[in-house]
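This chain uses plain numbering: 1 for the first residue, then up along the sequence. Reckoned from all heavy atoms, side chains included, excluding hydrogens, waters and symmetry mates. Predicted model, so just to flag it, every value in this text is computed and none were measured.
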Amino acid sequence: MSSVCILSNQLLDNVWVQGMKDPLGKPVLQGYVFALIAVFIWTGFILISRAGSLASLSLYDMMMVRFGTAFVLFSPAIWINRKAIFQWKMMVLGCIGGLAYSLSAFLGFQYAPATHGALLLPGLMPIMIAFLAYFLAGERQSRFAWIGIGVSSFGILVLLLETIFSGVSYLIGDLSFISACFFWGIFTVLLRRWKFVPWHVTLGVITFTTLIFTPYYLTLIPDVLQGVSYGMIGLQAFYQGVIAVAVQFVCYGKAVHILGATKMGALMALVPLLASVMAVPLFGEPVTVGLLVALVCIILGTMIGTLLPIKAPMLKRRDT
């Protein structure tokens, strides 16, 4: 965990020294602050989600607890901002970044350990985002970004091959995580293109996901929340419904607006180090060769894709 803090501090120091600005004139430092907050929240999301799965919370229970809680808490804000929320573009963002992503991610946690989610979700995201941003939004990437993506991709491939040939029943979970990355990549690119206010996007995702999913969930009553303690339900409601939805979406949205989709996606690859280190002792999950290779490759790919593009202009400036 200390290595992540050191890495994050070095990153912020480099940005601060340069005094860089994005095209909108916003300080890049502010974007990295929002990005790091999102990183830590996402780490908690992985651990809390796996804990919920182990505590017999079903996929549908976690969806309802996550978005139902957020919808109730933020209903006044949703009503106040209803003109900004109820439009077709916002519904698309809600269906992709809320409904499709969350269903895929929670399904992954039902069938695969938290360490796999910690590696595949944030590790594969920069790859998906970079390709989708290039083909859908024409967002160009530096050679360092592509090299970093290539290194991370190698690690993910090793993990997937180990899963396939080891005979363990993680493949459905891993494929679900991959699907979640695809949906989040589309959401990120659309968020960058349509330039909605991050707070409005947060409310829109909460609103449309809840309105679409609730009618189906009601058909499952009374077979819901079976054998789950009130403490676990409360923990999931607070973290999933408030922290992971409201705070996460606002920070992520602001970071994407300032840094760009690809840079934010690369920074999210820092999550595996935190989540993997914590998941092993918390849940007693096995440490395999493929897991270690993937972890090293993703962290190395993050450093190449994120730090080197920042340092390169500084080195050129010193040479002149």
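In this model, no donor atom of one side chain and acceptor atom of the other lie less than 3.5 Å apart for Thr69 and Gln240. In this model, no donor atom of one side chain and acceptor atom of the other lie less than 3.5 Å apart for Asp174 and Tyr111.
Two residues are said to be in side-chain contact when any heavy atoms from C-beta on lie closer than 4.5 Å; Asp61 and Ser58 meet this criterion. In this structure the side chain of Phe177 never reaches within 4.5 angstrom of the side chain of Ser104, judged on heavy atoms. Side-chain contact between Leu291 and Thr288 is present, with heavy atoms from C-beta onward closer than 4.5 Å. Between Thr209 and Ser102 there is no side-chain heavy-atom pair separated by less than 4.5 Å. Contact check for Phe208 versus Leu99: no side-chain heavy atoms found under the 4.5 Å cut-off. In this structure, the side chains of Ile41 and Tyr239 come closer than 4.5 Å at one or more pairs of heavy atoms. A heavy-atom distance below 4.5 Å is not found between the side chains of Thr214 and Phe67. At least one side-chain heavy atom of Val293 sits less than 4.5 Å from a side-chain heavy atom of Cys297.
Between Trp42 and Tyr101, the ring planes are perpendicular. Angles over 60° get that label, and only those under 30° would be called parallel. Between Phe187 and Trp184, the angle of the ring planes lies from 30° to 60°, which puts this pair in the tilted group.
Applying the salt bridge (charged side-chain N to carboxylate O under 4.0 Å, His left out) test to every pair with at least one member in residues 34-58, sequence neighbours left out, gives these pairs: Arg50-Glu285.
Within the 3.5 Å criterion, the main-chain N or O of Ala237 finds no donor-acceptor partner in the side chain of Arg66. Side-chain N or O atoms of His257 include none that pairs as donor or acceptor with a backbone N or O of Gly31 at under 3.5 Å. Not one N or O on the side chain of Ser152 forms a donor-acceptor pair closer than 3.5 Å with the backbone of Ile149. In this structure, the side chain of Gln110 does not engage the main chain of Ser53 through any donor-acceptor pair within 3.5 Å. Between the side chain of Asn81 and the backbone N or O of Ala77, at least one donor-acceptor pair lies under 3.5 Å.
Under a cut-off of 6.0 angstrom, the local environment of CZ in Phe283 is crowded, with over 12 non-hydrogen atoms contributed by other residues, nucleotides or ligands. Residue Tyr217 places its OH atom among more than 12 non-hydrogen atoms of other residues, nucleotides or ligands, all under 6.0 Å distant.
Cation-pi check for Arg82 over Trp79 is met; the charged atom lies under 6.0 angstrom from the ring centroid and within 45 degrees of its normal.
Members clustered with Tyr230: none, using a 4.5 Å side-chain heavy-atom cutoff among hydrophobic residues.
Once rounded to the nearest 0.5 Å, the distance linking SG of Cys95 with CD1 of Ile186 reads 12.5 Å. To the nearest 0.5 Å, atoms CG (Leu159) and CG (Leu295) are separated by 10.5 Å. Rounded to the nearest 0.5 Å, atoms CD (Glu162) and NE2 (His116) are 6.5 Å apart. Rounding to the nearest 0.5 Å places CG of Leu190 at 12.5 Å from NZ of Lys195.
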### Task
Apply the test side chain to side chain contact (heavy atoms under 4.5 Å, CB included) to residues Phe45 and Phe109: give CA-CA distance (whole Å), side-chain angles for both, the deciding distance (0.1 Å), then the verdict.
CA-CA 11 Å; Phe45 162 75; Phe109 287 116; 4.1 Å; yes
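Across all their heavy atoms, Val65 and Ile233 have their closest contact at CG1-O, 4.2 Å. Leu282 approaches Leu47 most closely through the heavy-atom pair CD1-CD1, 4.3 Å. Val205 and Leu93 get closest at one heavy-atom pair: CG2-O, 4.0 Å.
Partner of Phe154 under the side-chain contact (heavy atoms from CB on, under 4.5 Å) criterion, out of Val151, Ile156, Val158: Val158 alone.
The six-membered or imidazole ring of Trp199 lies near that of Phe74, with a centre-to-centre distance under 6.0 Å. Here the two rings, on Tyr60 and Phe106, have centers that are 6.0 Å apart or farther.
Linking ILVMFWY residues whenever their side-chain heavy atoms come closer than 4.5 Å, directly or via other members, places Phe86 and Met91 in the same cluster.
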